[in-house]
Every structure is written in C-alpha cells, then in structure tokens.
Amino acid sequence: MATNLALDNSLLNLALQVGSFKTKKDTVNAALKEFIERHKQLEVIELFGELPCDTDYDYKKGRK
C-alpha cells in the first residue's frame, strides 16, 4: 500500500546511519517494529505482581 508521510528528514537520515539500513523503507519498517515490540514489553511489565503465584511450583525440579 502506497502511503505519503511527512517525515522529519534529519531524524530519518540519522536512523538510516545509526541502523545501517539501505533504504528509507527498511528504516521506517524497523522503527515501527521496534515501537510495537517496546509497547508490548511495557504491557507485560504492567502485569508483574498482578498474577497469582503458584506456591506448588518447584523450580529446582525443572533443573534435572
């Protein structure tokens, strides 16, 4: 799908250099992927302490 975006050229060029990407398309796709992954990680972090602990779980048993 073709999309026209008004992007900050200085940011895009810096991202091209930092990420060693060959094209602007690769740069934008990588940035979008990283953005999505980061937000998914934040959602998981918010769950810490919210889920009940399994008191019967034996972590030492799994090492064998």
Side-chain angles (χ1 to χ4, degrees):
M1 153 179 57
T3 305
N4 291 326
L5 299 173
L7 300 174
D8 184 334
N9 281 328
S10 61
L11 287 176
L12 186 56
N13 289 332
L14 183 58
L16 268 163
Q17 291 173 352
V18 170
S20 300
F21 297 106
K22 293 182 180 180
T23 66
K24 291 179 180 180
K25 179 180 177 180
D26 290 342
T27 306
V28 172
N29 285 334
L32 288 171
K33 182 179 177 184
E34 196 169 314
F35 175 83
I36 292 166
E37 289 173 354
R38 176 70 176 140
H39 280 272
K40 285 183 179 181
Q41 290 172 354
L42 292 174
E43 289 175 7
V44 170
I45 289 172
E46 290 175 3
L47 291 176
F48 286 138
E50 298 293 324
L51 301 176
C53 181
D54 183 3
T55 56
D56 294 330
Y57 178 71
D58 183 7
Y59 68 94
K60 290 182 181 179
K61 185 185 260 185
R63 292 181 180 173
K64 296 179 181 180

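The shown structure was predicted, so the numbers you read here are calculated from the model rather than taken from an experiment.
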Heavy-atom distance under 4.5 Å between the side chains of L7 and L11, does that happen here? no

I36 with V28, same ILVMFWY side-chain cluster at under 4.5 Å: no

CD (Q41) and CD (E46) are apart, to the nearest 0.5 Å, by 12.5 Å

Which distance, rounded to the nearest 0.5 Å, do you find between the OG1 of T23 and the CG of N29? 8.0 Å

When rounded to the nearest 0.5 angstrom, what distance separates CG in L32 from OG1 in T27? 11.0 Å

Under the 3.5 angstrom rule, does the side chain of S20 hit a backbone N or O of L16 as a donor-acceptor pair? no

Closest non-hydrogen atom pair between F21 and A15, with its separation: CD1-O, 3.7 Å

